[in-house]
Amino acid sequence: MSAVTTGEDIGSGYVAAVADDELLVGHVLTSVAGWGPELEINIAVSSIGQDEIGHARRLYELGLGSPVAAERRVYESPAADLGACRLVRSYPRRWESLVVRQFLYEEGDHVRLGLLRGCSQPGLAALAEEMEHEERYHRDFWRTWLDSTAGKGADAKHRLQAELDCYWPVAGSLLEIPTDVETVLGLEAGTFATALDDHLQSLVDRLAEHGLRVPDVVVANSRAEGAGPDDRLDEMLAEMRSVYADAPGSW
Amino acid sequence: MATATTDVTRAAVEAAIAPIEDPELPVRIVDLGMLQDVDVDGGRVVVHLLPTFLACPARWMVESEVRAAVEQVPGTTGCEVRWLAGGWTAEHVTPAGQRALASVGLALPGADGALTCPFCGSSDVTQTSGFGSTVCRSAAYCESCRTPVEVMKVKR
């Protein structure tokens, strides 16, 4: 195992952007933890949310070099400075929205972490491995609920399809990475792009098992206007920072 | 903080850390396998800790208590706590730690994933959920004594 290294020379901006993803996912999950159809599900969603926030914290510390820098980014940075992917910059509007969004996120995150495990930065590789181990419970959970929800009849499947139509254009956004960052991380240029193609096809196949089809749109350039759900990052940050605004932390 | 009048030894630092318990459980952090290494350079001490789970909300308390304990060791001029990236498993828990966890109804999975009820010793324990009351726990049920059981999550 490796000690966590500093943020220098490890594509710190990219690592912090991955942390932004995890933080927003954790924020949403802990906010909607009461949506589950039974108490046990709510416990699970809360637990997954806590995991994501914890992973965000470690990633921030790794990418930014200190807990104080992490706090500043989370509570004071302009929204434009955050690198969160389009998939996570929104609120789910109902249970099926949450299931689809989280299924796409966890499947993509699994691919991302697998690639980062092979990077040349020992601190990031070790952290990615640890996260991957802890997040297997997340992946199992959202796969289970996609399967279960899809099997609940025509109405449920119709709702899932509607959410898939909404989220599919940004399904691969968490696998976007600048080529120069791939180089810094010791990965061959285009590694993520190749993985994205395989990943999207595997998603298509998995979703087809439930009779769900993906819309005929190109999943690329996810920051293009109109792609995917409404970008509500500003609103999300305002909500997350509302207490801080009145009572700044001690850091 | 102690002044630098004597040499700090690794043994003294470890002795200072030994009594520290996990904030949530009546088990010493050394018995959880969290203490991985101690570096001593003159009066400067670096303590390397292994987190059980990355999202553990008690990390800051453990770090604070470790630092406070070490800074009381004669000769210490400063203490830094460094958290390793990960790698903790249930196999890091010592036999004493296992007994301490069992005393509060928390089971550790065996090497083969087998579960033993911490209350009655039965192996007729079924996992009911991958999630529990904290990020490190799963939920299970002992069919023998019909008691809900918490299990430390299997990470690997």
Side-chain angles (χ1 to χ4, degrees), chain A residues 1-6 19 22-23 26 29-30 33 36 38-62 67 113 116-117 121-144 249-251, chain B residues 23-24 33-39 45-64 67 80-92 109 113 126-141 148-156:
Chain A
M1 64 196 93
S2 303
V4 178
T5 57
T6 66
E22 296 281 289
L23 179 70
L29 290 177
T30 51
E38 58 186 66
L39 293 177
E40 196 63 42
I41 305 308
N42 295 341
I43 292 173
V45 172
S46 300
S47 185
I48 295 171
Q50 183 176 348
D51 268 345
E52 301 287 8
I53 295 173
H55 295 170
R57 179 181 63 180
R58 294 305 304 274
L59 284 164
Y60 280 131
E61 291 174 355
L62 179 66
L113 292 174
L116 293 179
R117 284 179 64 173
Q121 304 293 335
L124 178 57
L127 184 54
E129 179 179 1
E130 192 70 7
M131 289 172 57
E132 193 174 20
H133 282 300
E134 293 187 357
E135 292 193 1
R136 71 182 177 93
Y137 289 94
H138 306 186
R139 194 159 164 243
D140 288 347
F141 179 85
W142 294 113
R143 281 185 162 192
T144 296
S250 62
W251 57 266
Chain B
E24 294 183 313
M34 293 176 68
L35 178 62
Q36 288 297 294
D37 205 357
V38 172
D39 294 329
V45 177
V46 178
V47 178
H48 301 269
L49 296 180
L50 181 63
T52 52
F53 285 78
L54 295 175
C56 176
R59 190 184 76 165
W60 69 272
M61 188 174 291
V62 170
E63 183 173 329
S64 175
R67 192 179 298 117
E80 177 187 352
V81 174
R82 294 181 187 171
W83 290 92
L84 299 173
W88 184 89
T89 69
E91 293 174 354
H92 282 85
T126 305
Q127 181 167 304
T128 56
S129 172
F131 303 92
S133 56
T134 66
V135 291
C136 60
R137 307 183 200 190
S138 299
Y141 186 78
V149 173
E150 288 193 299
V151 181
M152 292 293 275
K153 268 184 185 174
V154 175
K155 292 178 74 170
R156 284 167 172 77

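Within every chain, numbering begins at 1; the chains are lettered A, B, ... in the order of the sequence lines, protein sequences first and strands thereafter.
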Indicate the atoms forming the closest heavy-atom contact of A/Ser47 with B/Thr134, along with that distance.
-> OG-O, 4.3 Å
Which one of A/Ala56, A/Ser46, A/Ala44, A/Ala128 has the most heavy-atom pairs closer than 4.5 Å to chain B?
-> A/Ala44
Return yes when atom CD of B/Glu91 has more than 12 non-hydrogen atoms of other residues, nucleotides or ligands closer than 6.0 Å, and no otherwise.
-> no
If you round to the nearest 0.5 Å, how far is OG1 of B/Thr128 from CD of A/Glu40?
-> 6.0 Å
Distance, nearest 0.5 Å, that separates CD of A/Glu134 from OG1 of B/Thr52 | 8.5 Å
Side-chain donor/acceptor of A/Glu130 to backbone N/O of B/Gly87, under 3.5 Å = yes
Inter-residue atom distance A/Leu59.CG - B/Leu54.CG, 0.5 Å rounding = 8.5 Å
Is A/Arg58 reaching over with its side chain to a backbone N or O of B/Ala55, donor-acceptor style, under 3.5 angstrom?
-> no
Roughly how far, to the nearest 0.5 Å, is the CD1 atom of A/Ile48 from the CZ atom of B/Phe131?
-> 4.0 Å
Salt bridge between B/Arg59 and A/Glu61, side-chain N to carboxylate O under 4.0 Å?
-> yes
Heavy-atom side-chain contact between A/Gln50 and B/Cys56 under 4.5 Å | no
So CZ of B/Arg137 and CD1 of A/Ile43: to nearest 0.5 Å the spacing works out to 12.0 Å
